[in-house]
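What you see below is based on every heavy atom in this structure, not just the backbone, and it leaves out hydrogens, waters and symmetry mates. Just so we're on the same page: letters track the sequence lines, and every chain starts at 1.
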2 protein chains.
Amino acid sequence: MAHSPASMNGPRSKGRPRSFDRAKALEAALRTFWKLGYEPASVPELCSAMGVNPPSMYAAFGSKAALFIEAMEHYERSYWEEPGRRFLAEPDLRRAVAGYFEDAARILLSPETPCGCMVVLAAVNLADSAGEVAQAVRRLRMATKEMFAIRLRQAAGEGQIPPDADIPALAGTLNALLEGLSLQARDGLSQKELRAMAAHAASLIPSGGPRS
Amino acid sequence: MAHSPASMNGPRSKGRPRSFDRAKALEAALRTFWKLGYEPASVPELCSAMGVNPPSMYAAFGSKAALFIEAMEHYERSYWEEPGRRFLAEPDLRRAVAGYFEDAARILLSPETPCGCMVVLAAVNLADSAGEVAQAVRRLRMATKEMFAIRLRQAAGEGQIPPDADIPALAGTLNALLEGLSLQARDGLSQKELRAMAAHAASLIPSGGPRS
DNA sequence: CGACTTTTATAGTAATCAATACAAAAATAG
DNA sequence: CTATTTTTGTATTGATTACTATAAAAGTCG
C-alpha cells in the first residue's frame, strides 16, 4: 500500500483528532466577515460563529488576517468564479456585460447572504496594522478589472467595439460601476432597483465595429 | 447698546477662553478622518492632529461620532457644494454629467488631499456601535443620488432624454459609478486613468428626445 | 500497557480603545 | 480683592482588542 504523502482526506496523523469541520468553520467565518467587515468582526465573535475556541482557530488558520484571506478566496470561488466564466465565454460582448451585471445584482442582494460584495466592502478603511488584508482585497479587485479588460480586448479583435476604444478606461469604468453597486446594495436598495441599474452597464460599451 | 444674543464671533462668555481655533481643529480632524477612516482614526491621533487634549476635544465637539459628522458636513460644503451647483446649472445634460465627473476625478485624486471621497470611504464597514455615523454618511450618499435624479427629471421635461427613461435607475447608476470611482482612486489609479474613466459617465445617458 | 503527538478548554496576557475625574489655570462679574 | 465659570493638562477609567501559556484530553505508535 502506497502511503499517501498528503492525500486529500488523510487526517492520518498521530495526535488528538480535530473535533470540528475545518471547511464548515471557514464558511461560518466567511459569513461573519461578510456581514460585519474585517475589523468589526472580533475574534471572539468569529470563534463563536465557528463553534470553536480561539486557540483552535489560531492553530487551524494562523491568524485573523490569514482567516480572512482564506475566507475571501473561498468567497470568490463560491460566488464569482462561475459568473466570470460565463462572462468570458459569451460571444457577444453586450450580452456578456449585461449577463454579468445581472448575475452581480442577484449575488449582491441574495436574501440568503449579506448585502454587497465582501471583496469590495469588508476591508475598505483599515488600520495600518492590517496592510496584509488590504493588499489581498486590492489584488482581487484588480483581478476583476483585468477580467473585463481581457474580454474587451477579445471584442476589439473581433470588431465588436471600435479599434481605438480605450480598453483600460472602459474596463476600469465597468469595474467602478460594479463596485459602486455593492455600496448601493448595502445602502438598502431593492433587488429590483439594483437590477434596473445593472441593466445600464451595457450602455457603457461603445457601439459599432470598424466597418459596421 | 443692544447686547449680542449669539453673535458670530462673540466669545463674550465668562470662563477661561478657549486656547485653540475651533475651525482649524475641525479641519485637522477632517483630514485625519479622510485619510484613515472613522474607526482607524483614534481619539489620541485625532487630538494630536488637532493640537488639543482629549478633554478639550470632547468639550468642543461632544464625541468622536459628533466630531466626524461635523467634519463630514464641512467636507461636503468645502469640496462638493460648488460642483453640485454647476451640475444643476449647466443646461445641457451630457455636458453637466461630463463636467461633474471631471470635477469628481480632480477632487478624488487631488495631490493635496487624501484619495477618494470621505463620504464614500471613511465609514464603510463600521461596528454596530457607530450606527449614528453610518446613518449620517448614508444620508449624504443618498442626497447625491437625489441630485442626479433632480437634474435628470429636468432634462426629461426638456426632451433631452426619452420621456420613458427610468430616471431613478439612471440616477442610481451615475451614483454607483461615482462611488466606484472613489474606490478606484484609493486603489492607486492615476489622475489620468480616473479622468479617462470619468469621461465614460456621459455615455450612460440615453440619447434622443421624444422627437429627435 | 506507556511514550508521544496534537487538539482541546480555561484563563489570562499586554495593548489599545473611547471617554473622564480631577485640580490648577485663566478669564469675567461684582 | 473674592466669587464664579469655563478651559486646560495630567493621569486614569473600565471595556475590548488580538493573541497565547498552560495543562488536561484524546488520539496513534511501539
Exercise for review: Take B:Tyr38 and B:Val137 through the side chain to side chain contact (heavy atoms under 4.5 Å, CB included) test and state the conclusion after the steps.
Suggested key: CA-CA 11 Å; B:Tyr38 175 68; B:Val137 296; over 6 Å; no
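- Checking C:dT8, C:dA18, D:dT20 against every side-chain atom of B:Pro44, the shortest atom distance belongs to C:dA18.
- Within the nucleic acid shown, B:Ala41 comes within 4.0 Å of sugar-phosphate atoms alone, with no base atom in reach, counting heavy atoms only.
- Taking atom CG of residue A:Leu46 and atom P of nucleotide D:dT17, one finds them 11 Å apart after rounding to whole Å.
- At whole-Å resolution of the value, CD in B:Glu45 and P in C:dT16 are 12 Å apart.
- Listed nucleotides: D:dT8, D:dA24, D:dT20. Nearest to the side chain of A:Pro55: D:dT20.
- Each end of the helix from C:dC1-D:dG30 to C:dG30-D:dC1 yields a helix axis from five base pairs, and these two axes differ in direction by 10° (to the nearest 10 degrees).
- Heavy atoms of A:Ala127 sit nowhere under 4.0 angstrom from any nucleic acid atom.
- Here the side chain of A:Arg186 pairs no donor or acceptor atom with the backbone of B:Val124 at under 3.5 angstrom.
- In this structure, B:Asp21 atom CG and D:dT7 atom P are separated by 15 Å, rounded to whole Å.
- Ring geometry for B:Phe87 versus B:Tyr100: interplanar angle of 30 to 60°, hence tilted.
- Under the 4.0 Å criterion applied to side-chain N and carboxylate O atoms, B:Glu82 and B:Arg86 are assigned as salt-bridge partners.
- Side-chain proximity of B:Tyr58 to D:dG27, C:dT20, C:dT6: nearest is C:dT20.
- Comparing C:dA29, D:dA26, D:dA18 against the side chain of A:Arg16 picks out D:dA26 as the nearest.
- Atom CE in B:Met50 sits about 11 Å away from atom P in D:dT8, given to the nearest Å.
- Using a distance-only test at 3.5 Å, with no hydrogens or angles considered, no donor-acceptor pair links the side chain of B:Arg195 to the main chain of B:Ala105.
- Distance alone, capped at 3.5 Å, places no donor-acceptor pair between the A:Asp187 side chain and the B:Arg138 backbone.
- Salt bridge B:Arg85/B:Glu81: present, at least one basic N to carboxylate O contact under 4.0 Å.
- When the nucleotides C:dA18, D:dT5, C:dT8 are ranked by their closest atom to the side chain of B:Ser42, C:dA18 comes out on top.
- Distance, B:Arg22 CZ to D:dT7 C1': 14 Å, rounded to whole Å.
- Heavy atoms of other residues, nucleotides or ligands lying less than 6.0 angstrom from CZ of A:Arg106 number more than 12.
- For A:Phe20, taking side-chain heavy atoms from C-beta onward, the closest of the listed nucleotides C:dA18, C:dT8, C:dA21 is C:dT8.
- Ranked by how close their nearest DNA chain C nucleotide is to the 5' end, A:Asn53 and B:Lys64 are led by A:Asn53.
- Contacts of A:Pro17 with the nucleic acid, taken as non-hydrogen atoms under 4.0 Å apart, involve only primed sugar atoms and P, OP1 or OP2.
- When distances run from any side-chain atom of A:Lys14 to the nucleotides D:dT20, D:dT7, D:dT28, the shortest one goes to D:dT28.
- Protein atom CG of B:Asp128 is 20 Å distant from nucleotide atom P of C:dC17, rounded to whole Å.
- Between A:Ser56 and C:dT7, a side-chain N or O to OP1/OP2 separation shorter than 4.0 Å is absent.
- Atom P of nucleotide D:dT17 and atom CD of B:Glu39 are separated by 11 Å, given to the nearest angstrom.
- Here C:dT6 presents its P atom at 12 Å from CZ of A:Arg18, a figure rounded to the nearest Å.
- Between A:Ser19 and the phosphate of C:dT7, there is no side-chain N or O to OP1/OP2 separation shorter than 4.0 Å.
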